[in-house]
Protein chains: 2
Amino acid sequence: MLNERSLAANPDCSDCPIRHRAVCARCESDELDRLEQIKYYRRFEAGQSIIWAGDRMDFVGSVVSGIATLSQAMEDGRTQMVGLLLPSDFVGRPGRITAAYDVVATTDLVMCCFRRAPFEEMMSRTPHIAQRLLEMTLDELDAAREWMLVLGRKTAREKIASLLSIIARRDSTLNLRDGRDAKVVFDLPLTREAMADYLGLTLETVSRQISALKKDGVIELEGKRHVTVPDMARLMEEAGDDGDGGMLV
Amino acid sequence: MLNERSLAANPDCSDCPIRHRAVCARCESDELDRLEQIKYYRRFEAGQSIIWAGDRMDFVGSVVSGIATLSQAMEDGRTQMVGLLLPSDFVGRPGRITAAYDVVATTDLVMCCFRRAPFEEMMSRTPHIAQRLLEMTLDELDAAREWMLVLGRKTAREKIASLLSIIARRDSTLNLRDGRDAKVVFDLPLTREAMADYLGLTLETVSRQISALKKDGVIELEGKRHVTVPDMARLMEEAGDDGDGGMLV
DNA sequence: CGAACTGTTGAGGGCCCTCAAAACAGGTGG
DNA sequence: CCACCTGTTTTGAGGGCCCTCAACAGTTCG
């Protein structure tokens with residue numbers, strides 16, 4: 001039914017790009033060995049649905065590479081994105097059988113999956129996994145709360161600036177740059193429609209506000225997706241964030 | 001500096017009203033004994049600030065009785081509520097020194113506090129605490145995501161109906177009634193302004209929409225705060241929720 | 001009574017949504 | 001190579017929902 005295929009070979013955990021950030025980050029080598037025995041990889045293509053809300057979920061897992069979105073839909077079609085899943089992010093809730101949200105791959109994506117039952121059994125006996133999952137869940141909760149401020153109180157222009165600065169900040173931490181002073185360059189991993197679903201806007205408003213930020217010199221565009229931010233502090237002002245830039249101290 | 005005072009006597013944990021729902025829910029009696037040694041009670045008055053965002057936090061704790069709000073403010077005064085704390089809810093993040101949000105008591109409130117260092121030390125040695133905290137955090141994350149749909153995609157009328165049905169549902173579970181058929185009666189624990197901060201609206205819009213729901217017979221009002229819902233299914237329709245009512249299966 | 005706070009109601013305007021059309025890019029087939 | 005189609009994005013015109021500003025009512029407390 002789905003087009004993904006399991007990889008015959010499971011790459012070694014010690015070579016894994018998300019080894020030190022995913023749910024397995026704190027595992028000792030013997031714990032990792034046991035995880036290795038119950039893991040398998042699945043590959044999804046850009047645009048493909050990974051999970052439908054309400055479906056039975058037989059696995060949980062980590063995004064290894066690529067990007068996915070978590071979203072919620074109303075009956076009349078209105079949809080709100082409630083999570084943006086990047087490499088190392090966790091999918092699924094231990095103890096829950098039915099998926100609560102739609103999960104869609106927005107780029108080609110590789111997921112490291114664990115069958116639910118063995119994973120839960122292992123989690124109950126391996127504090128390192130539960131500890132790391134707690135830490136990751138608390139981070140997600142903080143991000144969700146930051147997002148709620150954006151959704152509830154910011155203007156369309158501020159919303160766009162907030163999203164851009166979130167993406168820019170993430171990229172700048174990946175590239176180990178100073179996120180405040182240097183020029184930041186990145187590609188938007190989302191369509192205008194996905195950005196609208198993220199921000200509680202329409203895609204037309206997203207397009208208009210991006211054009212406006214470009215006209216005002218806050219960002220530069222090359223093609224539709226490639227963004228340059230000449231002055232990160234300026235962008236963060238536009239986002240309505242204060243000098244601390246929302247960095248949780 | 002604060003007007004709270006410690007109670008001379010710490011009530012016994014086994015008599016505690018939140019014993020089976022708070023962060024201590026899964027603790028064995030010996031674990032509870034150790035928690036008992038590091039706990040103390042603090043009492044706050046309605047309207048009083050419990051924590052300011054950015055302040056150093058020397059404790060974490062559980063709401064024993066009363067209601068508090070978690071909120072985030074922008075420089076220009078716009079504020080968004082990001083959490084509503086009811087009895088058994090946890091305050092503070094283990095591992096974090098500085099408070100990320102403002103916490104305000106909206107009613108008289110009693111909190112069961114643990115000094116941070118001993119609590120964290122105990123948490124690392126007591127899987128039952130970390131397990132329960134993980135479960136509670138996952139629940140909060142689900143609630144936050146439901147809330148994001150409300151903030152991002154619902155109309156003012158739907159927002160009000162959503163908030164009312166959330167409060168009604170909570171009260172009906174407390175009262176062990178059937179939340180679908182029976183008449184539901186409750187008191188609003190929030191001012192119009194707090195409801196506005198919850199929903200990303202102005203207080204005037206909140207007032208207008210409540211009046212409209214009353215005029216249309218969706219709710220009945222006695223005074224400003226006492227609400228009767230004659231038909232829960234109708235209210236949930238108005239909230240834009242489908243037949244399942246957002247109950248996570 | 002007056003002050004402070006909470007809540008209601010009205011008038012007007014602005015931001016963003018809705019509907020619509022067109023530009024643009026990528027892919028396919030003639 | 002061009003015609004054609006599909007999907008994404010941009011831009012325009014108009015309108016509605018909610019915000020802003022304002023006045024007033026009800027309650028509590030001094």
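Owing to the predicted nature of the structure, the values given are computational and were not obtained by experimental measurement. Naming: A, B, ... by sequence-line order, numbering from 1 per chain.
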Trainee: Would you indicate whether the side-chain heavy atoms of A:Glu158 and A:Asp241 approach each other to under 4.5 Å?
Mentor: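 Side-chain contact under 4.5 Å: no.
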Trainee: Under a 4.5 Å cut-off applied to non-hydrogen side-chain atoms, are B:Thr79 and B:Asp102 in contact?
Mentor: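 B:Thr79 vs B:Asp102: side chains apart.
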Trainee: Near DNA chain D, counting only heavy atoms under 4.0 Å, which residues of residues 188-202 of chain A show up?
Mentor: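 A:Thr191, A:Arg192, in order of number.
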Trainee: Between atom CG in B:Leu203 and atom P in D:dA22, what is the gap in whole Å?
Mentor: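 The answer, rounded to whole Å, is 15 Å.
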Trainee: Can you tell if the side chain of A:Arg43 reaches within under 4.5 Å of the side chain of A:Asp108, non-hydrogen atoms only?
Mentor: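 SC-SC contact between A:Arg43 and A:Asp108 ruled out.
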Trainee: Rounded to whole Å, how long is the line connecting atom NE2 of B:His226 with atom C1' of C:dG7?
Mentor: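 Interatomic distance, NE2 of B:His226 to C1' of C:dG7: 18 Å.
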Trainee: Are the side chains of A:Ile50 and A:Leu109 in contact, using a 4.5 Å heavy-atom criterion?
Mentor: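 A side-chain contact under 4.5 Å exists here.
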Trainee: What class does the angle between the rings of A:Tyr40 and A:Phe59 fall in, given that below 30° is parallel, 30 to 60° is tilted and above 60° is perpendicular?
Mentor: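 Rings of A:Tyr40 and A:Phe59: perpendicular, over 60°.
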Trainee: OP1 or OP2 of C:dT9 versus the side-chain N and O atoms of B:Ser211: is any pair under 4.0 Å?
Mentor: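 For B:Ser211, the contact criterion (side-chain N or O under 4.0 Å from OP1 or OP2 of C:dT9) is met.
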Trainee: Polar atom pairs between nucleotides 23-28 of chain C and protein, under 3.5 Å, N or O only, would you list them?
Mentor:
none

Trainee: Checking the side chain of A:Arg153 only, and the main-chain atoms of B:Gln80 only, is there a donor and an acceptor separated by less than 3.5 Å?
Mentor: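 Side chain of A:Arg153 to backbone of B:Gln80, a donor-acceptor pair under 3.5 Å: no, none is there.
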Trainee: For A:Glu158 and C:dC16, give me the distance from atom CD to atom C1', rounded to whole Å.
Mentor: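 Spelled out: CD on A:Glu158 to C1' on C:dC16 is 14 Å.
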Trainee: Between A:Arg78 (CZ) and C:dC17 (P), how many Å, whole number?
Mentor: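 Rounded to the whole Å, the gap is 12 Å.
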Trainee: Please tell me which of the listed nucleotides, C:dC16, C:dT8, D:dC18, lies nearest to the side chain of B:Thr205?
Mentor: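 Nearest nucleotide to the side chain: D:dC18.
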Trainee: Answer whether the closest heavy-atom distance between the side chains of B:Leu199 and B:Gln209 falls below 4.5 Å.
Mentor: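 SC-SC contact between B:Leu199 and B:Gln209 ruled out.
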Trainee: Test your reading of the model: is there a side-chain donor-acceptor pair from A:Thr107 to the backbone of A:Ile67, 3.5 Å cut-off?
Mentor: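 Side chain of A:Thr107 to backbone of A:Ile67: a pair is present.
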Trainee: Identify the heavy atoms of A:Met111 and A:Val64 that sit nearest to each other, and give their distance.
Mentor: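 Minimum heavy-atom separation between A:Met111 and A:Val64: C-CG2, 4.2 Å.
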Trainee: Any salt bridge between A:Glu238 and A:Arg234, counting N to O under 4.0 Å?
Mentor: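 Counted as a salt bridge, because a side-chain N and a carboxylate O are separated by less than 4.0 Å.
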Trainee: In this structure, how many angstroms lie between the P atom of C:dG7 and the CD1 atom of B:Ile160, rounded?
Mentor: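 Answer to the nearest Å: 12 Å.
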Trainee: Please find the pair of heavy atoms, one from A:Tyr198 and one from A:Leu190, that lie closest to each other, and give the distance.
Mentor: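 Heavy atoms of A:Tyr198 and A:Leu190 come nearest at CD1-CD1, 4.5 Å.
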Trainee: Extract from the structure each pairing of a protein N or O with an N or O of nucleotides 19-21 of chain C at less than 3.5 Å, listing the distance.
Mentor:
residue	atom	partner	partner atom	Å
C:dC19	N4	A:Glu204	OE2	3.1

Trainee: In whole Å, I'd like the distance from the CD1 atom of A:Ile210 to the P atom of D:dT9.
Mentor: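 From A:Ile210 CD1 to D:dT9 P: 9 Å.
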Trainee: In whole angstrom, give the distance that lies between atom CG of A:Leu213 and atom P of D:dT9.
Mentor: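 Rounding to the nearest Å, CG of A:Leu213 and P of D:dT9 are 16 Å apart.
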Trainee: How is A:Arg157 classified with respect to the nucleic acid when contacts are heavy atoms under 4.0 Å: base, sugar-phosphate, or nothing?
Mentor: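 The answer is nothing, as A:Arg157 stays clear of every strand by at least 4.0 Å.
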